[in-house]
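Comments concern the structure below.
For clarity, every value in this text was computed on a predicted model and none was experimentally measured.
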Protein chains: 2
Amino acid sequence: MKEKATSFDIAHRAGVSQSTVSRALNNSPLVSKETRDRIVEIARELNYQVDKNASNLRKQKSNTLALLLFEDPTTDDSLINPFFLSMLGSITRASASQGYDLLVSFQNMQSDWHAEYEDSNKADGIILLGYGDYSAYRSKLDQLEEQGTHFVRWGAQDKAHPGVNIGCDNYQGGFDVTNHLIGLGYTSFAFIGDNSEDAPEFRARYQGFADALDKQGLSGESQRQINAHSTEPSGYAAMKAMLNDATLPRAVVCASDLIAVGVYDALREANLRVPEDVAVVGYDNIPISGYTTPALTTVRQNTTKAGELLVDTLIKAINKEVVEDYLMPAELIVRRSCGAQ
Amino acid sequence: MKEKATSFDIAHRAGVSQSTVSRALNNSPLVSKETRDRIVEIARELNYQVDKNASNLRKQKSNTLALLLFEDPTTDDSLINPFFLSMLGSITRASASQGYDLLVSFQNMQSDWHAEYEDSNKADGIILLGYGDYSAYRSKLDQLEEQGTHFVRWGAQDKAHPGVNIGCDNYQGGFDVTNHLIGLGYTSFAFIGDNSEDAPEFRARYQGFADALDKQGLSGESQRQINAHSTEPSGYAAMKAMLNDATLPRAVVCASDLIAVGVYDALREANLRVPEDVAVVGYDNIPISGYTTPALTTVRQNTTKAGELLVDTLIKAINKEVVEDYLMPAELIVRRSCGAQ
DNA sequence: CTGAAAGCGCTTACAG
DNA sequence: CTGAAAGCGCTTACAG
């Protein structure tokens, strides 16, 4: 392993000062073409690369974005929610195309957010992503705000909440999918998914569900709701409980696709057919949803666009531009599980 | 936004020198408990965080790993191979648990690898991940090697190749899954997936396929092979071509699950049932494979373990420990698509 | 167009 | 146990 070349090595070989090397390599117009060409050539020969730490230290910015993924503490360690995996992919792409590096880390809600502070020094801004306990989350956001850290958050809109939110209209998504079921003639419903302050996304989906029913005079139906977080086993357990305790709803609205897949399992076990006996719809449009039998009707959050929006907004904030919340429309994806076809 | 606090600010407030602050915050045993406690307290008050750029510059290491994802140039931009997404997840976890930050970037094969060089200054080492054109790839590896960059590569073993490889036994996987089909009584076969030097993983799977057939005196069968890269449309097109041109094989071995899903599409369109008319097996065990109808028999590469192995090996290499190639066993996952059940 | 010099914020020998 | 000082490798006013 060779010694790493520095700008001084190049200056020496080129017979110029180190300042000139730096200028040439940064495409400063102050350098003559011949000098620049010579320097660039030598830099190539020496496999020279600017030391980012030195350069960033001097420039006081890092050209790096940090992505913090919050996991639901109840999630199995080996499994990342496919929706977030997809977001991770699109955010990675979006930052690359903007010329920013992306630092990725997982963050446990319980931890003391040590990592964030560290990241806040290595990155110009932070993207926050994750379901999870919102109340715990809140105080951390205040800390970030106080620190003057630039950040954007993916998730539910919240006026009282500091910082910028990019999110998908969960209320509308819940409303639309439920309305679609109503249009198909169903009259008995249940919602499976958390409905608490700690899970604002799921809660908004539930609100949309309830309001859609109310609007059609089916208000009594909106009461049927069972908590579940976004995993297949949790959905399975919730549906199982419903099969034991209640009269069977004809249509089940799930707060996520993963829950819906668990609901499929429970129904299959009970020898009930989807959608003939029970219609099921999900949320997220994870890849699996198109391949289940029957294919799952769901609500799509456009992750490609979401990633771009998060990255663009954060970069604007870093550049001191004014940024504001953005609510993406949710998109209903109709497949076989709701009995439409 | 407040000014960011530096170690001098803390020193001033604590009435000690800046060196002492640095020592205290780095848990140096040279600082008395009282001094340390006072300093830590003040640091907390000021929301102080070490400037990583300065610290890294001084220490000449970054505690950061870079993950480079190579995309197949033919891949649709909006879609990341789910297998890599899964690896990305496990690598992120593994680096976090080792206390390393992870820099993620996509790399187009055509590009001049500018990014790598840059990354090589921000990171202590690089993890390379991706299918793609191996011949183009090769020369880049030599460059990295020459630069003295620490790196590990996920992929096919290759004696002639520089650096350390962690991979899954593609030959064995191809052999096992084919052997399993033979055991079920099939006698006519086809392989769908590239078989060229540029795709060594697929090629090794094909070799396993061919050798399994040879061993049972079915050598003639090993000739039936159609190129396809790892996408659903590519698998669809390949199966379509086979349906038109050749007598139908009873069992199709696909070089990846994505290809197999495309094969399903083509067979469904031709009103052929899986596995009654044609048995199909895939490779990778992506999440979707468990949810197709019928569920897809496939070969699992343990991504969790792979991620840990890549990260651990790279960190060892960074610490100048001796590291060597590792070949993980492939694991056959039998589901309905092969007709076993 | 070019060079000499300051300084980004740390860590760590060196001296006490 | 603590402080004064050097230096990591850059970028960029400042002076010519």
Which part of the nucleic acid does A/N26 contact within heavy-atom distance under 4.0 Å: base, sugar-phosphate only, or nothing?
sugar-phosphate
Are A/Y48 and D/dC10 close enough that a side-chain N or O sits under 4.0 Å from OP1 or OP2?
yes
From the options C/dC8, C/dA4, D/dC10, select the nucleotide whose nearest atom is closest to the side chain of A/S17.
C/dA4
Stem ranges of DNA chain D by first residue number, counting only runs of at least 3 Watson-Crick or G-U pairs under 3.5 Å, come to C:1-3 with D:14-16, C:5-12 with D:5-12, C:14-16 with D:1-3
Phosphate-side-chain proximity, A/S32 and C/dT2, N/O vs OP1/OP2 below 4.0 Å
yes
Out of D/dG9, D/dA13, C/dC1, minimum distance to the side chain of B/Q60 belongs to D/dG9
Gap between atoms CZ and C1', on A/R23 and C/dG3 respectively (whole Å)
8 Å
B/T35 or A/S19, whichever maps to the more 5' nucleotide of DNA chain D:
B/T35
As a test of reading the structure: which of D/dG9, D/dG3, D/dT2 is closest to the side chain of A/T6, going by heavy atoms?
D/dG9
Can a side chain N or O of B/S7 be found less than 4.0 Å away from OP1 or OP2 on C/dC10?
yes
Which value, rounded to the nearest 0.5 Å, describes the distance between B/N302 atom CG and B/L309 atom CG?
9.5 Å
Mind checking the CG-OG1 spacing from B/D101 to B/T64? Nearest 0.5 Å is all I need.
4.5 Å
Contacts of A/T35 meeting side-chain hydrogen bond (donor to acceptor under 3.5 Å, both in side chains) (sequence neighbours excluded), chain-then-number -> A/S32
Rounded distance (Å) that lies between atom P of D/dG9 and atom NZ of B/K59
16 Å
Between B/T6 and B/Y48, the two heavy atoms sitting closest are C-CE1, 3.5 Å
Counting heavy atoms from C-beta on, name the nucleotide in C/dC14, D/dC10, C/dT2 closest to the side chain of A/D51.
D/dC10
Could you measure the distance from the CD atom of B/Q60 to the CG atom of B/D124? Nearest 0.5 Å is fine.
10.5 Å
Nearest whole Å is fine: how far is D/dC1 C1' from B/D37 CG?
15 Å
Counting side-chain heavy atoms from CB outward, which of C/dT2, D/dC10, C/dC10 is closest to B/V50?
C/dC10
Would you mind reading off the distance between A/R36 atom CZ and C/dC1 atom C1', rounded to a whole angstrom?
11 Å
When rounded to whole Å, the CG to C1' distance for the pair B/N53 and C/dG7 reads 15 Å
Can you tell me how far the CD1 atom of A/I127 sits from the CZ atom of A/R153, to the nearest 0.5 Å?
13.5 Å
Check every atom of C/dT2, D/dT2, C/dT12 against the side chain of A/L30 and return the nucleotide holding the closest atom.
C/dT2
Counting only side-chain heavy atoms from C-beta out, which of D/dT2, D/dC10, C/dG3 sits nearest to A/T20?
C/dG3
Taking atom C1' in both D/dG16 and D/dT12, what distance in whole Å separates the two?
16 Å
Out of C/dT12, C/dC10, D/dC10, minimum distance to the side chain of A/A54 belongs to D/dC10
In whole angstrom, give the distance that lies between atom CG of B/L25 and atom C1' of C/dC10.
11 Å
Nearest-angstrom distance from the residue atom CD1 of B/I39 to C1' of C/dC10:
15 Å
For B/S95 and B/L65, work out which heavy atoms get closest and say how close.
CB-CD2, 4.1 Å
Shortest non-hydrogen contact from A/S86 toward A/T303:
OG-OG1, 3.0 Å
Please report, rounded to the nearest Å, how far the C1' atom of C/dC10 is from the NZ atom of B/K61.
16 Å
Residue B/L57, side-chain atoms from C-beta onward, closest of C/dG3, D/dC10, C/dG9:
C/dG9
